[in-house]
Amino acid sequence: MKQFQLNRRGIFLITICLLLAAAVSVATAQDKKEPEPVSSADLENVAIAYSQIQTIHNQLQQSIQGVEDPAEQKKLQDRANQEMIMALKALDLDVETYTGIMAQIRIDEDLRAAFMKKINGME
């Protein structure tokens, strides 16, 4: 059972690392130039995507419980990753745009407050 927990955590950490790596590369590129303002429509789409990604992640956590086969865990993770990408595409976002805006949200208090207001309005 302990091996399963490490595998599940490992899969989650890999996903987070990939998203953070994309965010860092976008943030590094943005450090070289002034970040573009985030439109209200883009912020709305990012908030919706964030909510959908959280739902997909929670579903993954539920579906992966009790699965000890690493190959099956990877299939579930791959499927969840594809669902996340499709959720972004459905909102006219790509991974780079999403992670770039999320990076801006982390460093800009006003943008973060607007984002949280949109997230809280969805609940």
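Note that the coordinates shown come from a computational prediction; the quantities given were computed from them, not determined experimentally.
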When every non-hydrogen atom of Leu111 is compared with those of Asp108, the smallest separation belongs to N-OD1, 3.0 Å
Determine yes or no for a side-chain-to-main-chain donor-acceptor pair under 3.5 angstrom, with Gln73 supplying the side chain and Ile64 the backbone. no
State, with a plain yes or no, whether a side-chain heavy atom of Pro37 is found less than 4.5 Å away from one of Gln104. no
Closest approach of Glu44 to Lys118 (non-hydrogen atoms, all atoms of both residues): OE1-NZ, 3.2 Å
Shortest non-hydrogen pair, Thr99 vs Arg106, comes out as O-NH2, 4.4 Å
Is atom OH of Tyr50 surrounded by more than 12 heavy atoms (other residues, nucleotides or ligands) closer than 6.0 Å? no
What one should report as the nearest heavy-atom pair of Leu43 and Ala114 is CD2-CB, 3.6 Å
How long is the span from the CD atom in Gln52 to the CE atom in Met86, to the nearest 0.5 Å? 10.5 Å
So if I apply the side chain to side chain contact (heavy atoms under 4.5 Å, CB included) rule between Leu88 and each of Asp94, Ile53, Ile48, which one comes out positive? Ile53
Side-chain contact, heavy-atom cut-off 4.5 Å: Glu83 with Leu60? no
Apply side chain to side chain donor-acceptor pair (under 3.5 Å) to residues Asn81 and Gln77 and explain how you reach the verdict. CA-CA 6 Å; Asn81 287 342; Gln77 180 65 49; 2.9 Å; yes
Rounded to the nearest 0.5 Å, how far apart are CZ of Arg112 and CE of Met102? 10.5 Å
I need the minimum non-hydrogen distance between Ala47 and Phe115, along with the two atoms involved. CA-CE1, 3.6 Å
Return the CD to CE distance between Gln54 and Met84, rounded to the nearest 0.5 Å. 8.0 Å
Would you kindly say whether Gln62 and Asn58 are connected by a side-chain donor-acceptor distance under 3.5 Å? no
Once you round to the nearest 0.5 Å, how far does CD1 of Ile101 lie from CG of Leu93? 6.5 Å
Considering only heavy atoms from C-beta outward, does the side chain of Val38 approach that of Ile105 to under 4.5 Å? no
When rounded to the nearest 0.5 Å, the distance separating CD of Gln65 from CG of Leu76 is 11.5 Å
